[in-house]
Amino acid sequence: MRCPVCGQRSTTKDDQSYCPTCQIFLGEAGQIHQFPQDQSKSEISGEIFRKRSRKKLLYGLVTALMIIVLMSPGVVYFFINYTSYGFREKVMYQYGFAAEARGYLRSETTIDVMNLSEKKPFGFTHSGYWKPGSKNIKLNTASDEVAIHEFAHAWWEKLRKDELTREGLINDMISLSQMDNKKYFQTIKRARWLVDKYCFCPDLDVINYDRVDDQHFYAYMADFTMGRFKDGSHKLPFFMWKYFEGLFSNNLKVAPCYETKSCGFPDNNGYSYVPNHKKLDR
């Protein structure tokens with residue numbers, strides 16, 4: 001009879017099987033599992049080792065999985081609240097960025113936020129910076145408005161490669177600025193400001209498209225709507241939707257700042273510049 005632990009032959013001691021090598025009692029002879037006689041000691045020991053290794057591996061995997069599950073909420077919280085990329089994800093989620101735009105911004109741009117603890121914009125101009133071709137978005141603070149403005153710049157750079165799309169935005173923005181419709185009161189004011197400041201076209205009937213700053217046409221209108229461009233006080237007319245449907249889904253998880261009067265830019269709270277050449281009445 002062989003010992004089931006070491007495979008050595010056992011002896012009888014005090015009417016019980018006893019392994020002198022392991023120095024353990026094995027019980028009554030009739031109850032002991034017998035090693036096959038044709039297995040060598042090395043084969044038996046190897047099988048025992050493999051079983052123990054599998055148990056250790058399984059235990060290690062279960063332990064690692066439990067640690068990951070326990071730590072994941074903290075990791076996600078840290079990523080969302082204390083990293084630039086987490087801030088970008090939060091903005092895209094809260095303001096309903098469309099799936100295509102989210103994928104593009106993740107894969108084609110990087111982001112740096114200098115002060116994640118500050119929400120108000122500060123610094124020169126609009127507190128953010130994006131340079132065509134650099135693929136890097138830089139923000140001075142974690143301002144939602146500034147982030148949307150710079151994300152819109154990066155997204156529009158993709159769209160404006162189509163000349164018809166670029167010229168179409170310019171023409172439609174000019175048409176919007178010339179509307180007289182109380183339904184779009186705030187939006188018309190924004191369009192008139194954009195045309196006066198960024199069109200660089202003294203004669204609106206003869207447009208030099210190469211001179212027009214269409215980038216700011218698009219980005220400033222994007223942060224004006226804050227993602228809600230089909231309804232509300234900052235809604236766009238139907239003919240403008242096609243330019244923003246790829247960027248926004250119009251399904252926000254938060255109230256846009258112009259509804260709560262909390263925008264960092266006064267213009268977005270409803271005090272947009274109105275050109276002198278035409279008065280707008282509510």
Side-chain angles (χ1 to χ4, degrees), residues 80 84-109 111 113 119 121 126-128 130 132 135 137 139 142-162 164-166 168-173 175-177 183-191 193-194 198 214-260 262-265 267-270 272:
I80 293 296
S84 299
Y85 287 90
F87 170 70
R88 184 175 68 182
E89 291 299 316
K90 183 162 60 175
V91 170
M92 291 194 299
Y93 171 76
Q94 290 179 334
Y95 294 94
F97 276 63
E100 185 181 359
R102 292 198 309 268
Y104 179 83
L105 291 170
R106 288 169 183 152
S107 63
E108 299 296 328
T109 67
I111 181 170
V113 183
K119 296 291 292 182
H126 44 68
S127 191
W130 179 83
K135 297 188 176 182
I137 294 169
L139 308 177
S143 165
D144 293 354
E145 290 169 89
V146 177
I148 290 174
H149 182 98
E150 303 305 336
F151 295 164
H153 269 309
W155 175 249
W156 178 244
E157 184 64 18
K158 173 180 181 291
L159 299 185
R160 73 189 297 273
K161 292 177 181 178
D162 182 90
L164 292 178
T165 299
R166 177 174 173 269
L169 174 72
I170 295 170
N171 293 333
D172 286 340
M173 190 71 74
S175 296
L176 174 59
S177 72
K183 184 179 178 181
Y184 301 105
F185 178 78
Q186 296 290 356
T187 309
I188 294 171
K189 285 199 298 181
R190 171 54 65 102
W193 173 73
L194 290 172
Y198 294 106
D214 55 282
Q215 272 284 1
H216 280 97
F217 269 27
Y218 191 81
Y220 270 119
M221 190 58 80
D223 74 55
F224 176 75
T225 67
M226 295 294 288
R228 188 175 178 183
F229 65 97
K230 292 184 178 181
D231 51 26
S233 61
H234 287 201
K235 62 180 174 290
L236 301 175
F238 178 77
F239 64 85
M240 293 290 294
W241 289 4
K242 58 181 176 288
Y243 303 109
F244 295 91
E245 286 177 325
L247 181 62
F248 300 123
S249 68
N250 203 61
N251 182 25
L252 280 67
K253 304 297 188 298
V254 294
C257 62
Y258 54 81
E259 292 184 351
T260 59
S262 60
C263 294
F265 304 142
D267 285 351
N268 286 357
N269 277 315
S272 297

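Keep in mind that this is a model prediction, so the values were computed, not measured.
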Which atoms form the tightest heavy-atom contact between [X] and [Y], and what is the distance?
{"X": "Tyr184", "Y": "Lys235", "answer": "CD2-O, 3.6 Å"}
{"X": "His216", "Y": "His153", "answer": "NE2-NE2, 3.7 Å"}
{"X": "Ala147", "Y": "Phe87", "answer": "CB-CE2, 3.8 Å"}
{"X": "Asn269", "Y": "Ser262", "answer": "OD1-N, 3.4 Å"}
{"X": "Glu145", "Y": "Asp223", "answer": "O-CB, 3.7 Å"}
{"X": "Val146", "Y": "Pro121", "answer": "CG2-CB, 3.7 Å"}

Close side-chain approach of [X] to [Y], heavy-atom, < 4.5 Å:
{"X": "Leu194", "Y": "Ser177", "value": "no"}
{"X": "Phe217", "Y": "Asp172", "value": "no"}
{"X": "Gln215", "Y": "Trp130", "value": "yes"}
{"X": "Leu169", "Y": "Met240", "value": "yes"}
{"X": "Phe151", "Y": "Arg88", "value": "yes"}
{"X": "Asp267", "Y": "Lys189", "value": "no"}

>> Does the plane of the ring in Trp156 sit parallel, tilted or perpendicular to the ring in Tyr243? Use 30° and 60° as the thresholds.
In response: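 Geometry flag for Tyr243 against Trp156: perpendicular rings.
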Start with the C-alpha gap between Arg160 and Tyr218, add the side-chain angles, then the distance that decides, and say whether side chain to side chain contact (heavy atoms under 4.5 Å, CB included) holds.
-> CA-CA 10 Å; Arg160 73 189 297 273; Tyr218 191 81; over 6 Å; no
Look only at the side chain of [X] and the backbone of [Y], and say whether a donor-acceptor pair between them is shorter than 3.5 Å.
{"X": "Asn250", "Y": "Lys230", "answer": "yes"}
{"X": "Ser249", "Y": "Gly96", "answer": "yes"}
{"X": "Arg190", "Y": "Thr225", "answer": "no"}

Verify the neighbour count for atom [atom1] of [X]: are there more than 12 heavy atoms of other residues, nucleotides or ligands below 6.0 Å?
{"X": "Phe239", "atom1": "CZ", "value": "yes"}
{"X": "Lys253", "atom1": "NZ", "value": "yes"}
{"X": "Lys242", "atom1": "NZ", "value": "yes"}

Applying salt bridge (charged side-chain N to carboxylate O under 4.0 Å, His left out) to Asp162 and not counting sequence neighbours gives none
From [X] atom [atom1] to [Y] atom [atom2], the distance as rounded to the nearest 0.5 Å:
{"X": "Asp214", "Y": "Ile170", "atom1": "CG", "atom2": "CD1", "value": "5.0 Å"}
{"X": "Leu247", "Y": "Arg102", "atom1": "CG", "atom2": "CZ", "value": "11.0 Å"}
{"X": "Leu252", "Y": "Glu259", "atom1": "CG", "atom2": "CD", "value": "8.5 Å"}
{"X": "Ser84", "Y": "Leu139", "atom1": "OG", "atom2": "CG", "value": "8.0 Å"}
{"X": "Asn268", "Y": "Tyr220", "atom1": "CG", "atom2": "OH", "value": "9.5 Å"}
{"X": "Asp231", "Y": "Leu236", "atom1": "CG", "atom2": "CG", "value": "10.5 Å"}

_Just checking Trp155 against Phe97, ring centres under 6.0 Å apart?_
no
**Q.** Phe229 ring center near Phe224 ring center (under 6.0 Å)
**A.**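 They do not qualify: ring centres at least 6.0 Å apart.
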Looking at Asp144 and Lys119, is there a salt bridge between them, counting it only when a charged N and a carboxylate O are closer than 4.0 Å?
yes
Start with the C-alpha distance between Tyr258 and Arg228, add both sets of side-chain angles, then the distance that settles side chain to side chain contact (heavy atoms under 4.5 Å, CB included), and finish with yes or no. CA-CA 11 Å; Tyr258 54 81; Arg228 188 175 178 183; 3.6 Å; yes
Next item on the list: Could you please spell out the steps behind the side chain to side chain contact (heavy atoms under 4.5 Å, CB included) verdict for Glu108 and Lys158?
Entry: CA-CA 10 Å; Glu108 299 296 328; Lys158 173 180 181 291; over 6 Å; no
